[in-house]
Colleague: 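Starting off with a structure, shown below.
Everything quoted here is computed from the prediction, not taken from an experiment. Every heavy atom of this structure was used, including side-chain atoms; hydrogens, water molecules and symmetry mates were not. Position 1 is the first residue of the sequence; numbering continues from there.
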Amino acid sequence: MKRELGERLIELRTALGLTQKEFAQKIRVSEGYIASLERSHRELNSRIIKLISDTFGANEQWLQTGKGNMFFTAEPRNVSLDEVIALYRQLHPKLQKLVIEQLKVLLEMNRIPKKEE
């Protein structure tokens, strides 16, 4: 694997705001595997490239060659939001309603000005 590919992987992970451990967990590989890819000690195979692309919305061509945009869209995928959506979809519809109501309460609490300490 060329050094530039490892550097692009670091750039992608950094743009997503993820540590090596978090990045690895999202695509279900070991942290050591990600570290070895970033240091160009291992080859980034097509299966992992596809997995990274599907998970994070990364442009496969950019990852392989450096050509094009890093992401398919202008903004990187919000991995935390994707996780919340995936968890929400697993809930029973009654619990989904409860989650929505709780989010509304949290939003209102967030709007209350904090007292100066």
Colleague: Give a yes or no answer on whether the side chain of R13 reaches the backbone of L18 with a donor-acceptor pair at less than 3.5 Å.
Modeller: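 Judged by distance alone, yes, a pair lies under 3.5 Å.
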Colleague: Find the distance between CD (E7) and CD (E38) and round it off to the nearest 0.5 Å.
Modeller: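 Separation between the atoms: 10.5 Å.
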Colleague: Measuring from Q90:CD to L95:CG, what's the distance to the nearest 0.5 Å?
Modeller: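 Interatomic distance, Q90 CD to L95 CG, rounded to 0.5 Å: 12.0 Å.
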Colleague: Sub-3.5 Å donor-acceptor pair from the side chain of N69 to the main-chain atoms of F71, do we have one?
Modeller: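 Checked: no pair found.
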Colleague: What closest approach, in Å, do T55 and L51 show between heavy atoms, and which atom pair accounts for it?
Modeller: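 So the two residues come closest at OG1-O, 2.7 Å.
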Colleague: How many angstroms lie between CZ in R39 and CD1 in I10, if you round to the nearest 0.5 Å?
Modeller: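 One gets 9.5 Å once the value is rounded to the nearest 0.5 Å.
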Colleague: So do the side chains of I34 and I27 get within less than 4.5 Å of each other, counting heavy atoms only?
Modeller: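 They are in side-chain contact.
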Colleague: Just jot down the salt bridge (charged side-chain N to carboxylate O under 4.0 Å, His left out) partners of E22, sequence neighbours excluded, or say none.
Modeller: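 Checked E22 against salt bridge (charged side-chain N to carboxylate O under 4.0 Å, His left out); zero matches.
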Colleague: May I ask you to test the F23-L16 pair for a side-chain heavy-atom distance under 4.5 Å?
Modeller: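 Side chain of F23 against side chain of L16, heavy atoms only: contact under 4.5 Å found.
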Colleague: Got N59 and M70 here, is their nearest side-chain heavy-atom distance under 4.5 Å?
Modeller: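 When only atoms from C-beta onward are counted, M70 and N59 do not touch, as no gap falls below 4.5 Å.
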Colleague: Out of curiosity, L12 CG to W62 CH2, how far, rounded to the nearest 0.5 Å?
Modeller: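 Going from the CG atom of L12 to the CH2 atom of W62 covers 5.5 Å.
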Colleague: Report yes if the side chains of V99 and Y88 come closer than 4.5 Å at any heavy-atom pair, otherwise no.
Modeller: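 SC-SC contact between V99 and Y88 confirmed.
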Colleague: In Å, rounded to the nearest 0.5 Å, how long is the span from OG of S53 to CD of Q64?
Modeller: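 These two atoms lie 9.5 Å from each other.
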Colleague: Are any non-hydrogen side-chain atoms of L5 and T65 less than 4.5 angstrom apart?
Modeller: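 No, their side chains stay 4.5 Å or more apart.
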Colleague: Side chains of H41 and Y33, heavy atoms from C-beta outward: is any pair under 4.5 Å?
Modeller: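 No, too far: nothing below the 4.5 Å cut-off.
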Colleague: Linking I/L/V/M/F/W/Y whenever their side-chain heavy atoms sit closer than 4.5 Å, directly or via other members, would I100 and L98 fall into one cluster?
Modeller: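 I100 and L98: one cluster.
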Colleague: Quick check: do L9 and I52 have side-chain heavy atoms less than 4.5 Å from each other?
Modeller: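 Of all side-chain heavy-atom pairs linking I52 with L9, at least one is under 4.5 Å.
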Colleague: Are the side chain of R42 and the backbone of L37 linked by a donor-acceptor contact shorter than 3.5 Å?
Modeller: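 No, R42 side chain to L37 backbone: no donor-acceptor pair under 3.5 Å.
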Colleague: CG of L106 to CD of E101: how many Å apart, nearest 0.5 Å?
Modeller: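 Answer for the CG-CD pair, L106 versus E101, is 11.5 Å.
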Colleague: Any Lys/Arg nitrogen of E108 or R111 sitting under 4.0 Å from an Asp/Glu carboxylate oxygen of the other?
Modeller: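 Looking at E108 and R111, the cut-off is met.
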